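Taking it in order: structure first as structure tokens, then the write-up.
None of the values given here were measured: they were computed from a predicted structure.
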Amino acid sequence: MRIDAITIFPDYFNALDISLLGKAREKQILDMRVHDLRKFTFDKHKTVDDSPYGGGAGMLMKPEPWGLALDEILPEDGDCTVIFTSPAGEQFKQATAAELANEKQIVFACGRYEGIDQRVVDYASTKAKVRLISLGDYVLNGGEVAAIAMIEAIARLIPGVIGNAESLVEESHSDGLLEYPSYTKPSSWRGLEVPQVLLSGNHALIAQWRKDQQIERTRRVRPDLLPE
């Protein structure tokens with residue numbers, strides 16, 4: 001998979017060179033490219049923002065640098081999804097990550113200030129599939145943090161990125177429930193004990209305990225995930 005990110009702060013994405021995603025890039029499982037939006041400007045100040053029509057607080061990102069960046073990055077066949085990280089978008093979920101993991105190319109458009117001129121979204125829609133996606137019901141200073149979180153969630157689902165693919169099956173949200181609590185050695189630590197069922201060797205009982213724990217944790221922490 002190829003993933004592009006357009007941003008005025010390319011150094012944000014250096015974190016993706018660490019750990020499993022860095023190894024995936026080295027193995028060419030993941031083709032990650034970061035583009036500095038200011039390289040698509042021509043004035044000496046490399047200006048990417050201006051005041052919004054109609055007034056209002058803050059500045060808005062200008063359309064032309066984005067247009068030039070998209071012209072260079074988007075494939076001619078339109079086989080690509082452009083994601084605008086936006087608090088006004090659909091909420092990102094594990095199912096979203098799984099869906100996007102099947103894409104050939106994803107381009108993250110990371111806005112700043114008060115956002116990006118709407119015409120950039122409209123223009124991108126004529127060149128590729130477009131989705132506005134929000135990381136959650138809160139506002140960040142820019143789209144980079146949200147993009148990095150989404151890239152991690154998506155890329156780890158690509159075959160070959162995670163060493164043990166079976167570990168993806170029992171994670172939180174993989175079946176609509178939160179993950180069960182986990183324990184390792186020693187069985188007794190600072191007066192706290194591992195549940196006896198996990199030491200029993202009875203795999204059927206362990207499986208049932210884990211499912212019960214998933215349901216209980218989900219009911220307690222995220223009841224909205226459970227059927228009414």
Closest heavy-atom contact between [X] and [Y]?
| X | Y | answer |
| --- | --- | --- |
| P63 | R119 | CG-NH2, 3.9 Å |
| S134 | P87 | OG-CA, 3.8 Å |
| A155 | L30 | CB-CD2, 4.1 Å |
| E193 | S188 | OE2-OG, 2.8 Å |
| R217 | E179 | NH1-O, 2.7 Å |
| M59 | S51 | CE-N, 3.5 Å |

Going hydrophobic residue to hydrophobic residue with side-chain gaps under 4.5 angstrom, can you get from [X] over to [Y]?
| X | Y | result |
| --- | --- | --- |
| V121 | V82 | yes |
| L199 | Y183 | yes |
| Y138 | I83 | yes |
| V107 | L68 | no |
| L60 | F9 | no |

I need the [X] [atom1] to [Y] [atom2] distance, nearest 0.5 Å.
| X | Y | atom1 | atom2 | value |
| --- | --- | --- | --- | --- |
| Q196 | L205 | CD | CG | 12.5 Å |
| T47 | K62 | OG1 | NZ | 6.0 Å |
| D212 | W209 | CG | CH2 | 9.5 Å |
| I148 | E144 | CD1 | CD | 7.5 Å |
| Q213 | L178 | CD | CG | 12.0 Å |
| K129 | Q105 | NZ | CD | 10.5 Å |

Among T7, I6, V34, side chain to side chain contact (heavy atoms under 4.5 Å, CB included) partner for C110:
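Considering T7, I6, V34, a side chain to side chain contact (heavy atoms under 4.5 Å, CB included) with C110 is found only for T7.
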Just wondering, do [Y] and [X] contact through their side chains at under 4.5 Å, heavy atoms?
| X | Y | value |
| --- | --- | --- |
| D71 | F40 | no |
| L100 | L157 | no |
| T81 | E99 | no |
| I106 | M150 | no |
| D117 | D50 | no |
| L177 | I215 | yes |
| L37 | M61 | yes |

Donor-acceptor pair, R25 side chain versus M32 backbone, under 3.5 Å?
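Yes; at least one donor-acceptor contact below 3.5 Å.
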Donor-acceptor pair, side chain of T41 and main chain of D43, under 3.5 angstrom:
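Side chain of T41 to backbone of D43, a donor-acceptor pair under 3.5 Å: no, none is there.
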Report the C-alpha distance between L135 and T85 in whole Å, list the side-chain angles of each, state the deciding distance to 0.1 Å, and finish with yes or no for side chain to side chain contact (heavy atoms under 4.5 Å, CB included).
CA-CA 8 Å; L135 199 60; T85 53; over 6 Å; no
Kindly check if the number of other-residue, nucleotide or ligand heavy atoms within 6.0 Å of CG (D137) is above 12?
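No, CG of D137 has 12 or fewer neighbouring heavy atoms, counting only those of other groups under 6.0 Å.
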Taking atom CG of N14 as the centre, report whether more than 12 heavy atoms of other residues, nucleotides or ligands fall under 6.0 Å from it.
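Yes, CG of N14 has more than 12 neighbouring heavy atoms, counting only those of other groups under 6.0 Å.
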Would T96 and R131 count as a side chain to side chain contact (heavy atoms under 4.5 Å, CB included) here? Give the steps.
CA-CA 11 Å; T96 316; R131 296 176 72 168; 3.8 Å; yes
Identify, with sequence neighbours excluded, every residue that meets side chain to side chain donor-acceptor pair (under 3.5 Å) alongside Q91.
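With sequence neighbours excluded, Q91 shows a side chain to side chain donor-acceptor pair (under 3.5 Å) to no residue whatsoever.
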Salt bridge (Lys or Arg N to Asp or Glu O under 4.0 Å) for K23 and E26? Distances and angles first, verdict last.
CA-CA 5 Å; K23 293 178 180 178; E26 290 176 1; over 6 Å; no
Could you go through the side chain to side chain contact (heavy atoms under 4.5 Å, CB included) check for K104 and D77 one step at a time?
CA-CA 12 Å; K104 180 179 179 181; D77 62 5; 4.3 Å; yes
Candidate pair I8 and Y113, rule side chain to side chain contact (heavy atoms under 4.5 Å, CB included), full reasoning:
CA-CA 11 Å; I8 61 172; Y113 315 118; 3.7 Å; yes
